[in-house]
There are 2 protein chains.
Amino acid sequence: MSRKGVETREKILDAAQAMVLSRGFSGVSVDKVIESLGVTKGAFFHHFKNKQDLATALIVRYAQADMDYFNEALARGERLSNDPLQQLLIFIGLYEELFAGLAEPYPGCLLATYIHEAQLFDEDVENTINNVFLTWRQELLKRLKVIAANYPARRNVDLPSLADEFIILIEGAFLLSKSLRDVKIVPQQLRHYRTYLEMIFLPDV
Amino acid sequence: MSRKGVETREKILDAAQAMVLSRGFSGVSVDKVIESLGVTKGAFFHHFKNKQDLATALIVRYAQADMDYFNEALARGERLSNDPLQQLLIFIGLYEELFAGLAEPYPGCLLATYIHEAQLFDEDVENTINNVFLTWRQELLKRLKVIAANYPARRNVDLPSLADEFIILIEGAFLLSKSLRDVKIVPQQLRHYRTYLEMIFLPDV
DNA sequence: TAAAGAACATACCAAACGGTATGTTCTAGG
DNA sequence: CCTAGAACATACCGTTTGGTATGTTCTTTA
């Protein structure tokens, strides 16, 4: 694909994603997407064989970017400390920083948008979404187990669901943040998650 | 409105809500709704002046039911204990029980579905949704303040966002629960919220 | 019981929709 | 420079969509 071709495809994906995040996938028509960009149907259907193909391309791209940032934040945490608990707390802090730096509410998570219209999509899309969640759970759980083995937990909490709580707080906070148009909600909740972990694993702070 | 009329209207609302929760609002056509019920367009547009009117009726009904259960759970908690902290913990426990008793994942929150298609709806709908969230925040915050005044908090946590965390955990857990088809996720997260509150306000347990 | 309005049913319509067929322009490689 | 395919543009099509106009049946109440 030529450079120009890649650019057009990305432009379509960018515009479509922004529209999907505010109207849902079936609330966005191909006509509206191309109209907003000044390109034609010929261009659109050259890059995507149909609207479903756009749906797949959007979620695959989003999931990949999501995982990339996740892995990078984990790696940065592990570079900044040698202590497993501190590594995780730093990781959370990095996300806190990320969302604290936004001027307006995060436009929304594409994974969440798709889940709310789940019946429109095929199994591939569903698996792409679930793979993100399962990877996050798995990677965080792995680290929580190491922490639990090294620190006397004040409470006997369930670790898999404690791992899930990270993504759950983010998704829930995105929602409330978007509805109330309050940018602070996401970092606030991440702060609570950090405090929770500290209270579990650092008894005397 | 006659009894039959009310019944038909409710039937339409029920069917529409179930479909909206799995396909989003714009993914549901009036034709599909009436087809699933075996009623005609005449019936539909007799009860709703247009599709937007259906959207409003759906969210108003859902928000009302939501608030009703919320207030009932608060009242039950306050009947079951005289201690402000215990009252709140019981309240959370009641929600935990509610969702632990489900055979399959909760089909989804209509508020959340609408937020993901926010641009389709008018200001009234937006206010209906935000009023629910703000009422929950306000009512829970009121109780958290009483608790904080009576118990020495181990940490200096932010109370408004701690109130928000309840609805945020539920919304986030709904999402993950629906995507992974795991019924346990919602009660698990409510359990964490209870544990978090206990660790904050009950230092020596 | 008669009248009036509620509660539907039937048939239809214009616009928007996803998609296709076909033609043109651009661009990279031999 | 030539050519083949990528990268579009234009025009069109069948279906689905939300919505309406009009007619019929049921139900309540004076």
Side-chain angles (χ1 to χ4, degrees), chain A residues 1-59 61 113-114 117-122 124-125, chain B residues 1-59 61 113-114 117-122 124-125:
Chain A
M1 190 147 48
S2 72
R3 202 183 70 248
K4 183 86 184 300
V6 174
E7 263 175 35
T8 303
R9 195 186 138 95
E10 287 295 312
K11 252 174 46 181
I12 293 174
L13 286 170
D14 290 343
Q17 178 168 316
M19 296 172 83
V20 168
L21 286 175
S22 60
R23 296 176 222 208
F25 185 77
S26 53
V28 174
S29 66
V30 174
D31 281 351
K32 289 279 172 59
V33 172
I34 64 177
E35 185 198 322
S36 79
L37 292 171
V39 300
T40 62
K41 284 214 161 172
F44 182 90
F45 285 101
H46 171 75
H47 288 287
F48 306 97
K49 73 171 190 241
N50 51 37
K51 204 193 168 191
Q52 280 300 316
D53 189 33
L54 170 70
T56 305
L58 273 176
I59 200 68
R61 190 181 72 144
T113 304
Y114 274 40
E117 299 177 276
Q119 209 144 82
L120 302 175
F121 306 113
D122 59 27
D124 276 4
V125 168
Chain B
M1 188 148 50
S2 73
R3 202 182 70 246
K4 183 87 182 301
V6 175
E7 263 175 35
T8 303
R9 195 187 139 95
E10 287 295 312
K11 252 174 48 182
I12 293 173
L13 286 170
D14 290 343
Q17 177 169 316
M19 296 172 85
V20 169
L21 287 175
S22 60
R23 297 177 224 209
F25 185 76
S26 53
V28 174
S29 67
V30 174
D31 281 351
K32 289 278 172 61
V33 172
I34 63 178
E35 185 198 321
S36 79
L37 292 171
V39 301
T40 63
K41 283 214 161 172
F44 182 91
F45 284 101
H46 171 74
H47 289 286
F48 307 96
K49 74 171 189 239
N50 52 36
K51 205 194 169 191
Q52 280 299 317
D53 189 33
L54 170 70
T56 305
L58 274 176
I59 200 69
R61 190 181 72 144
T113 304
Y114 274 40
E117 299 177 275
Q119 210 142 83
L120 303 176
F121 306 113
D122 58 28
D124 277 1
V125 168

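Every chain is numbered from 1 and lettered A, B, ... according to where its sequence line falls, protein lines coming before strand lines. Please read these numbers as outputs of a predicted model, since none were measured by experiment.
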### Message
Rounded to whole Å, please give me the gap between CG in B:L37 and P in C:dC8.
### Response
12 Å
### Message
Nearest whole Å is fine: how far is C:dC8 P from B:E7 CD?
### Response
9 Å
#### Entry: Side chains of B:F48 and B:V30 in contact at under 4.5 Å (non-hydrogen atoms)
no
#### Entry: Flag, side chain of B:D122 to backbone of B:V125, donor-acceptor distance under 3.5 Å
yes
### Side-chain N or O of B:H46 closer than 4.0 Å to phosphate OP1/OP2 of C:dA7
yes
### Task
Without swapping roles, check the side chain of B:D53 against the backbone of B:T56 for a donor-acceptor pair under 3.5 Å.
no
### Task
With B:I34 as reference, evaluate B:V39, B:I12, B:T40 under the side chain to side chain contact (heavy atoms under 4.5 Å, CB included) test and give the passing residue.
B:V39
### Task
Could you tell me whether the phosphate oxygens of C:dC8, OP1 or OP2, come under 4.0 Å of any side-chain nitrogen or oxygen in B:T8?
yes
### Message
Could you tell me how far apart B:F48 (CZ) and D:dG18 (C1') are, to the nearest whole angstrom?
### Response
15 Å
### Query
Just by distance, do the side chain of B:E117 and the backbone of B:F25 share a donor-acceptor pair under 3.5 Å?
yes
What are the atom names and distances for every N/O pair under 3.5 Å that joins the protein to nucleotides 17-22 of chain C?
residue, atom, partner, partner atom, Å
C:dC17, OP1, A:S29, OG, 3.4
C:dG18, OP1, A:K51, NZ, 3.1
C:dG18, OP2, A:V30, N, 2.9
C:dG18, N7, A:K41, NZ, 2.8
C:dG19, OP2, A:K51, N, 2.8
C:dG19, N7, A:K41, NZ, 3.0
C:dG19, O6, A:K41, NZ, 2.9

### Message
With heavy-atom distances below 4.5 Å as the criterion, would you say the side chains of B:E10 and B:R61 are in contact?
### Response
yes
### Query
Is there a side-chain polar atom (N or O) of B:H47 under 4.0 Å from OP1 or OP2 of C:dC8?
yes
